[in-house]
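Below: one structure, written as structure tokens.
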Amino acid sequence: MEEMRDPRLGTVRLFLKHDDNKTRKLKYNLGHPRVLSFGGAYSGHLRALARAGMEHGFETIGVVRGEEHLPLNPSLAYARACGMRLTYLDRAAYRLKHTPQVLDGLREEFGDVAILPEGGSNAAAVRGCAELPGEIDLDYDVICCPVGTGGTLAGIAAGLPEGRRALGFAVLKGAGFLNDEVARLQREACGTVTGNWAVNLDYHFGGYARTSPALDPSFEQVYVAKMIYGILDLAGQGAFARHTRVVAVVTGQPSTPVAPWGAPTGFDSGDPR
Ligand SMILES: *Cc1c(COP(=O)(O)O)cnc(C)c1O
């Protein structure tokens, strides 16, 4: 694991742990011959699902928010190239995507299919992410991750050894609901809510997919750069005890082409998935 140096850290030490959390979230969601899920036009979750389908030999269907635009953007082109069937829901229908009305329609159209929620965050995803801390062979006090839907944070916190804490950085604006959501996911996955995590809401930089020149361009901008900025800023303010050892989970899919897909800043982005 590489160590990151920055004057704002002072005595705090920061280590970077690269992790493809979207693929990790899928691990215990696989097994059905046909899997359908939802996402925006730049959804990393749909890319990860499409790739998993190709690698493990199951059918995938991606339900994309909004109208079809041709040619496909690189994110959807990648999903398509992996064999994913793409279908589209207009904004109004997409908002109702998790209601029985829309789900029944999709089952009618696509038959016997396992349906994963947008972003892939469910109890099985939490169990997958709970394995992440066990793969870190380094002594640390705090583990940080970016937060979109909360599944990654819920899992990491659930899998933490005694005495360590998890700190998530919300990339959405007004994301106070994430506290309830992370708790709900933990309750569903492990029957209990661990008291070892928190969500910081202060580093969204205007909201999902909004960026700022203040963000370090060497990191993925939608999620990772905001977390890194938050960690360095908090360290600079003395928010961590002296000599705290922090692991930052640098989320993303190294195995798929460049992120974040040349998406324009503030790209069509009702939500993080
Ligand atoms: C989806 C994603 C996240 C957020 O994960 P959640 O489980 O939705 O909170 C973080 N980083 C990257 C790069 C992602 O694609």
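Whatever order the structure lists them in is the order used to number ligands and atoms, beginning at 1.
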Qualifying residue for side-chain contact (heavy atoms from CB on, under 4.5 Å) with Tyr140, from Val246, Leu14, Leu160: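 So, applying the side-chain contact (heavy atoms from CB on, under 4.5 Å) to Tyr140 and each of Val246, Leu14, Leu160, only Leu160 qualifies.
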Hey, which of Val247, Val224, Ile228 is the one that makes side-chain contact (heavy atoms from CB on, under 4.5 Å) with Leu16?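 Exactly one candidate clears the test, Ile228.
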Asp137 and Lys17 ion-paired at < 4.0 Å: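 A salt bridge is absent here (no side-chain N lies under 4.0 Å from a carboxylate O).
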Should the pair Glu109-Arg85 be classified as a salt bridge under the 4.0 Å nitrogen-to-oxygen rule?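 So Glu109 does not pair with Arg85 through a salt bridge.
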Please work out, at 4.0 Å between heavy atoms, whether the side chain, the backbone, both, or neither of [X] comes within that distance of ligand 1.
X	result
Lys22	side chain
Leu153	neither
Lys25	side chain

Non-hydrogen atoms of Gly44 versus ligand 1: any pair closer than 4.0 Å?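 No, that is not the case, since the closest heavy atom of the residue is not under 4.0 Å from the ligand.
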Say whether Gly119 and ligand 1 are in contact under the criterion: heavy-atom distance to a ligand atom below 4.0 Å.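 No, that is not the case, since the closest heavy atom of the residue is not under 4.0 Å from the ligand.
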Ignoring hydrogens, just give me the one of Thr251, Thr149, Val171 whose non-hydrogen atom is nearest atom 8 (O) of ligand 1.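 That would be Thr149.
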Counting each atom of ligand 1 from 1 as listed, which ones have a heavy atom of [X] under 4.0 Å away?
X	answer
Asn21	2 (C), 3 (C), 4 (C), 5 (O), 10 (C)
Val147	9 (O)
Gly151	7 (O), 9 (O)
Gly252	13 (C)
Gly148	4 (C), 6 (P), 8 (O), 9 (O)

Look only at the side chain of Gln186 and the backbone of Ala154, and say whether a donor-acceptor pair between them is shorter than 3.5 Å.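 Confirmed, Gln186 side chain pairs with Ala154 backbone.
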Is there a donor-acceptor contact under 3.5 Å from the side chain of Ser37 to the main chain of Pro117?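 It does hold such a pair.
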Minimum side-chain heavy-atom gap Arg164-Ile143 below 4.5 Å: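 No, side chains not in contact.
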Please confirm whether Pro146 comes within less than 3.5 Å of ligand 1 when only nitrogen or oxygen atoms on both sides are compared.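 Pro146 vs ligand 1: no N/O contact under 3.5 Å.
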Is there a polar contact, in the sense of an N or O pair closer than 3.5 Å, between Glu220 and ligand 1?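 So ligand 1 has no N or O lying under 3.5 Å from an N or O of Glu220.
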Parallel, tilted or perpendicular: ring planes of Tyr203 versus Phe205, cut at 30 and 60 degrees: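 Taking Phe205 first and then Tyr203, their aromatic rings sit tilted (interplane angle of 30° to 60°).
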Would you tell me whether Tyr28 and Glu131 have side-chain atoms, one donor and one acceptor, within less than 3.5 Å of each other?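 Checked: Tyr28/Glu131 side chains pair up, N/O donor to acceptor below 3.5 Å.
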